[in-house]
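As the structure is a computational prediction, the values presented were derived from the model and not from experiment.
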Amino acid sequence: VETLNVNEDNPWYGTPGGEDTMDYIFPLSIGEVVRYFGDSGQLENGSPNGGWHIDDEYNDARMDAGGNMWWLRSPGSSSGYATVVNNRGQVSVYGSSVSSFEIRLRPAMWITM
């Protein structure tokens, strides 16, 4: 199903998310990862240790079966960075350089039955 994806600004750094898009297949946003994999409140309240990650009891649910990092569509700390879920299942709100080739993509889509 074609989906309207709202591309929100980075909630911790304010980096612009860009224009909203209509997509059939897309990476999840930070907000969607929190919504679908569990919410400890760190997205809204920040990391309790002042770190750059959402590091909580939902890390295992977000972890890739192969232990790989995976991209999110939300911007990172600057225009050259995008957010990722790291190999420990933590959401890196700071992000990784968009020129990084070792990070995987876990595409999402909505279907109707």
Could you tell me the separation between the CE atom of M69 and the CZ atom of R88, rounded to the nearest 0.5 Å? 8.5 Å
Decide yes or no for V85 and S92: does some side-chain heavy atom of the first lie under 4.5 Å from some side-chain heavy atom of the second? no
Minimum heavy-atom separation for W71 to V84, with atom names? CE3-CG1, 3.4 Å
Answer whether the closest heavy-atom distance between the side chains of V1 and I111 falls below 4.5 Å. no
Kindly confirm or rule out a cation-pi arrangement of R106 over W70, judged by NZ or CZ under 6.0 Å from the six-membered ring centre and within 45° of its axis? yes
To the nearest 0.5 angstrom, please state how far the OH atom of Y13 sits from the OG atom of S78. 10.0 Å
Fit a plane to each ring of W52 and Y94, take the angle between them on a 0 to 90° scale, and name the class: parallel (under 30°), tilted (30 to 60°) or perpendicular (over 60°). parallel
In Å and rounded to the nearest 0.5 Å, what is the CG to CZ distance from N7 to F26? 10.5 Å
Would the distance check show the side chain of S74 and the main-chain N or O of T83 forming a donor-acceptor pair, the cut-off being under 3.5 Å? no
Where do D64 and N87 land on the side chain to side chain contact (heavy atoms under 4.5 Å, CB included) test, with the steps shown first? CA-CA 7 Å; D64 178 78; N87 58 357; over 6 Å; no
Mind checking what makes side-chain contact (heavy atoms from CB on, under 4.5 Å) contact with E2, not counting sequence neighbours? M22, Y24
May I ask you to test the L4-D20 pair for a side-chain heavy-atom distance under 4.5 Å? yes
Does some side-chain heavy atom of I103 sit less than 4.5 Å from a side-chain heavy atom of S96? yes
Which distance, rounded to the nearest 0.5 Å, do you find between the OG of S29 and the CG of N10? 11.0 Å
Pairs in or reaching into residues 32-57: which pass salt bridge (Lys or Arg N to Asp or Glu O under 4.0 Å), with residues at least two apart or in two chains? E32-R73, D56-R62
Rounded to the nearest 0.5 Å, how far apart are CD of Q42 and CH2 of W12? 6.0 Å
Ignoring hydrogens and angles, state whether a donor on the side chain of T3 or N5 is under 3.5 Å from an acceptor on the partner side chain. no
Working to the nearest 0.5 Å, report the span between CG of N86 and CG of N68. 11.5 Å
Between the side chains of E102 and S100, does any donor sit under 3.5 Å from an acceptor? yes
Would you say the side chain of I30 lies within less than 4.5 Å of the side chain of P11, judging by non-hydrogen atoms? yes
